[in-house]
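Please read all numbers here as calculations on a predicted model, not as lab measurements. The figures that follow rest on heavy atoms only: side chains count, while hydrogens, waters and symmetry mates do not. In what follows, chains are A, B, ... by sequence order, proteins preceding strands, each numbered from 1.
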Amino acid sequence: AQSVTQLDSQVPVFEEAPVELRCNYSSSVSVYLFWYVQYPNQGLQLLLKYLSGSTLVKGINGFEAEFNKSQTSFHLRKPSVHISDTAEYFCAVKSGNTPLVFGKGTRLSVIA
Amino acid sequence: SAVISQKPSRDICQRGTSLTIQCQVDSQVTMMFWYRQQPGQSLTLIATANQGSEATYESGFVIDKFPISRPNLTFSTLTVSNMSPEDSSIYLCSARAGELNEQFFGPGTRLTVL
């Protein structure tokens, strides 16, 4: 079965600084990778996804992620964060027709 | 894409009672899923619900505790039976839709069991 490891449970960062949220997945023949964001007391929103093609994926709100097959990673990055980016971020993986499997989440706190 | 709504959005229940959560999708979908998100935790898949067949439960979840119905291609219910405080969680409905089989999520039902 697929699994996802988010290495950091909490990431504090100052406003306008860059941020990287790390995600590693268990290897499979072919995987689809996702990042979701959950703002306080709200539902899940898809940030970006990798299905195939270019390994650098751009998403909403200025976020991007890079699929690295050799390192089985899909780290999320943003060059300059805003206070409004404070939220919980979940990495998720699926292969074939399986349902999404989620990591434990990383709480990003942006400090003014 | 798919827009998913859930009812109720939140509820406070007494232990020993049961609550049925409804999930409505604005388009016909084959696969629907129910997840649980315990306080401060990630999402854990409870079961997959396909129309016309029994739900498939993940390890640690059983039909007697979490019966699921899937009467048609746009609707599903999850019942949390004989509740205890440990069942206090957010329950999320999800469906796979669109050309890319993307998985969409409802807003969740926040359940508190006293």
Non-hydrogen atoms of chain B under 4.5 Å away: do they reach the side chain of [X], the backbone, both or neither?
| X | answer |
| --- | --- |
| Y32(A) | neither |
| T106(A) | neither |
| L100(A) | both |

- prompt: Do the ring centers of Y91(B) and F61(B) come within less than 6.0 Å of each other?
  reply: no
message: Using ring centroids (six-membered ring only for Trp), state whether F90(A) and F34(A) fall under 6.0 Å.
response: no
- prompt: Quick one: do D87(B) and K65(B) make a salt bridge, cutoff under 4.0 Å?
  reply: yes
query: What distance do F74(A) atom CZ and T55(A) atom OG1 have between them, rounded to the nearest 0.5 Å?
result: 9.5 Å
- request: Could you tell me which portion of Y35(B) (side chain, backbone, both or neither) has an atom closer than 4.5 angstrom to a non-hydrogen atom of chain A?
  value: side chain
task: Measure L45(B) against the heavy atoms of chain A and call it side chain, backbone, both or neither at under 4.5 Å.
output: side chain
message: Please find the pair of heavy atoms, one from D85(A) and one from K78(A), that lie closest to each other, and give the distance.
response: OD2-NZ, 2.8 Å
task: Go through Q38(A), R107(A), Q45(A) and name the one with the most non-hydrogen pairs under 4.5 angstrom from chain B.
output: Q38(A)
- line: Interface check, chain A: of R96(B), Q41(B), Q37(B), most non-hydrogen pairs under 4.5 Å belong to R96(B)
- request: Treating Ile, Leu, Val, Met, Phe, Trp and Tyr as nodes and any side-chain heavy-atom pair under 4.5 angstrom as an edge, say whether M32(B) and I90(B) lie in one connected cluster.
  value: no
